[in-house]
Amino acid sequence: MPKSPSLFDFHLLLLFTIFSLAAADAIAAARPITQQFKEAPQFYNSEICPKIAGEDDESDNGTSIFLCSDQSVHVAMTLDSAYIRGSMAAVLSILQHSSCPQNIVFHFVASATANASFLHATISSSFPYLNFQVYSFDDSSVSRLISTSIRSALDCPLNYARSYLADLLPSCVRRIVYLDSDLVLVDDIAKLAATQLGVNSVLAAPEHCNANFTSYFTLTFWSSPTLSLTFANRKPCYFNTGVMVIDLDRWRRGDYTKKIEEWMEIQKRTRIYELGSLPPFLLVFAGNIVAVDHRWNQHGLGGDNFKGLCRDLHPGPVSLLHWSGKGKPWVRLDANRPCPLDALWAPYDLLQTPFALDS
């Protein structure tokens, strides 16, 4: 007669089952999660668009004339696997609302440790007609300068790549519109790109002079007679670095990357701010930028950095919606806990869901 299993045998089987399930979960977690995206429709220039002279030709050093043309609208964005869903939505929104989508050149900056071929293939499969380049950013060039901030996501080296665009992009690219990956445009980006920078300004962005500017720096900064003089003879206002028009020629001539790095070195020695890559930009540029209408950065839709609460739009017209902050629309939508304004992002989501039906 077979022996009946004992209580010990039952517990042993239960433990084996638990460890097996845990091991299976660990293996599943270790596998790369590949997102599949739909192909976006192709968008064409209107009749009023300038033709890029020699757009299929190459310069003496092999660089595409189209890539270097001042008649192109140059857009710079970072690209990584964590935010690629947002990047895809941003690109679609830009093309959909542009009068001259074929004249837009995208400059994507990816970490040198990222799977560049995967990122390139993902963009190409959804936008096979897109004019774009992917540039490699060496994390080690900035990681030694990064100080911990109030949110770990802000400490990613790629967040600091916007400070190195003048070095990463070809020298023939003289002006770019820098955009974060958690936004969508509902207006023609050419209007933003055409912002006049005046005689000396390096960048333009929407300013928010009603924000408490002093709160972006620590008491150590403001109590230092030397450091606090940084803003002497300036009227500094907060601006969000997720949307900027930058004159790369002036940036290069002024060596502004070095100026930003110098402030980051001071931060490593003496903690003068709590946020990530924003304060060095404020220290260098606040009070010296060209102000852009607020419609071009309706920011903060991701809520605050601690609780991620839902936010409303600022008063006035809207050309760009920006989910800066902790909450990202695709995460909240997947969790079935969206904020009301996340519905404005959803139409640009190119993620191919398992249940999607071909039209």
Side-chain angles (χ1 to χ4, degrees), residues 74-80 83 86-87 90 107-109 137 142 145-147 149-151 153-169 175-183 185 189 192-193 195 197 201-209 211-213 215-217 230-231 234 236-248 250-251 254 256-264 267 272-302 304-305 314 320-326 328:
H74 296 273
V75 179
M77 301 175 67
T78 57
L79 194 64
D80 66 356
Y83 281 81
S87 301
H107 303 267
F108 296 111
V109 179
F137 177 63
V142 70
L145 296 171
I146 297 176
S147 303
S149 61
I150 60 173
R151 187 157 61 93
L154 300 176
D155 300 336
C156 173
L158 196 58
N159 283 338
Y160 293 81
R162 72 196 79 190
S163 302
Y164 296 86
L165 293 173
D167 299 325
L168 292 168
L169 273 57
R175 169 188 283 235
I176 58 101
V177 178
Y178 173 82
L179 299 174
D180 276 350
S181 298
D182 53 357
L183 53 78
L185 274 78
I189 194 172
L192 177 60
T195 301
L197 291 175
S201 295
V202 176
L203 65 85
E207 284 187 316
H208 298 271
C209 295
N212 184 7
F213 187 82
S215 65
Y216 289 93
F217 303 96
T230 302
F231 297 108
R234 291 158 64 180
C237 294
Y238 162 79
F239 65 92
N240 180 276
T241 54
V243 179
M244 297 183 290
V245 180
I246 305 176
D247 186 315
L248 294 180
R250 293 178 182 176
W251 184 292
Y256 284 97
T257 296
K258 182 179 180 181
K259 290 179 170 63
I260 288 175
E261 287 184 336
E262 287 171 349
W263 280 114
M264 294 175 68
Q267 165 75 353
I272 57 175
Y273 53 79
E274 301 295 343
L275 287 171
S277 61
L278 168 65
F281 264 84
L282 297 179
L283 287 161
V284 174
F285 294 110
N288 291 325
I289 73 169
V290 171
V292 177
D293 193 286
H294 289 180
R295 68 189 304 155
W296 288 105
N297 195 354
Q298 286 270 355
H299 71 286
L301 304 187
D304 61 79
N305 285 319
H314 308 292
L320 185 151
L321 298 144
H322 187 188
W323 279 263
S324 57
K326 185 177 181 181
K328 302 308 174 189

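Of the inter-residue distances, the one linking Leu321 atom CG with Asp182 atom CG reads 11.0 Å to the nearest 0.5 angstrom. Residue Ile246 holds its CD1 atom at 8.5 Å from OG of Ser163, rounded to the nearest 0.5 Å. Distance CG/Leu145 to OG/Ser277: 13.0 Å, rounded to 0.5 Å. Taken to the nearest 0.5 Å, the CZ atom of Phe108 stands 14.5 Å off from the CG atom of Leu168.
Ile289 and Ala205 make their closest contact through CD1-O, 3.8 Å (heavy atoms, listed as atom of the first residue, atom of the second, distance). Between Asn240 and Gly242 the shortest heavy-atom distance is OD1-N, 2.8 Å. Across all their heavy atoms, Thr195 and Ala204 have their closest contact at CG2-CB, 3.8 Å. Considering all non-hydrogen atoms of both residues, Pro206 and His208 come closest at O-CD2, 3.8 Å. Smallest separation of non-hydrogen atoms from Leu282 and Phe231: O-CE2, 3.5 Å. Scanning all heavy atoms of the two residues, the minimum distance from Leu183 to Ala90 falls at O-CB, 3.3 Å.
Leu179 places a side-chain heavy atom less than 4.5 Å from the side chain of Leu185. Put simply, the side chain of Tyr83 does not reach to within 4.5 Å of the side chain of Leu158, judged on heavy atoms. When side chains are defined from C-beta on, Val202 does not count as touching Asn288, because their heavy atoms never get closer than 4.5 Å. A heavy-atom distance below 4.5 Å is found between the side chains of Leu248 and Leu169. Between Val109 and Met77 the shortest side-chain heavy-atom distance does not fall below 4.5 Å. Taking 4.5 Å as the limit, some side-chain heavy atom of Phe281 sits within range of a side-chain heavy atom of Leu203.
Between the side chain of His294 and the main chain of Glu207, a donor-acceptor pair closer than 3.5 Å is present. Looking only at distances, a side-chain donor or acceptor of Ser181 sits under 3.5 Å from a matching main-chain atom of Thr78. The backbone N or O of His299 lies less than 3.5 Å from a partner atom in the side chain of His314, making a donor-acceptor pair. Panel note: side chain Lys328, backbone Trp323; a donor-acceptor pair is recorded below 3.5 Å. The main-chain N or O of Pro280 is never found under 3.5 Å from a side-chain atom of Lys259 such that the two would form a donor-acceptor pair. In terms of modelled atom types and a separation under 3.5 Å, the side chain of Gln267 and the main chain of Tyr273 share a donor-acceptor contact.
A donor and an acceptor atom, one from each side chain of Thr257 and Trp251, are located under 3.5 Å apart. Donor-acceptor pairing under 3.5 Å is lacking for the side chains of Tyr256 and Glu261. A side-chain donor-acceptor contact under 3.5 Å links His322 and Asn297.
By the salt bridge (charged side-chain N to carboxylate O under 4.0 Å, His left out) test, Arg295 pairs with no residue at all, sequence neighbours left out. Every residue was checked against the salt bridge (charged side-chain N to carboxylate O under 4.0 Å, His left out) condition with Asp80, not counting sequence neighbours, and none meets it.
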CA sep, side-chain torsions, deciding dist, call: Leu165, His107, side chain to side chain contact (heavy atoms under 4.5 Å, CB included): CA-CA 9 Å; Leu165 293 173; His107 303 267; over 6 Å; no

Go through it in stages, so that I can follow the logic: the residues are Val243 and Val292, the test is side chain to side chain contact (heavy atoms under 4.5 Å, CB included), and I'd like the CA-CA distance, side-chain angles, deciding distance and then a yes or no. CA-CA 10 Å; Val243 179; Val292 177; over 6 Å; no

Test Leu192 against Val245 for side chain to side chain contact (heavy atoms under 4.5 Å, CB included), laying out the working first. CA-CA 8 Å; Leu192 177 60; Val245 180; 3.9 Å; yes

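The pair Arg175-Asp247 fails the salt-bridge criterion, with no side-chain N (NZ, NE, NH1 or NH2) lying under 4.0 Å from an Asp/Glu carboxylate O.
Phe239 and Phe285 have their aromatic ring centers separated by at least 6.0 angstrom.
Among the candidates Phe217, Phe213, Tyr216, the single residue satisfying the ring-ring contact (aromatic ring centres under 6.0 Å, His included) test with Tyr238 is Tyr216.
Here salt bridge (Lys or Arg N to Asp or Glu O under 4.0 Å) pairs that include residues 156-165, with residues two or more places apart or in two chains, are Arg162-Asp180.
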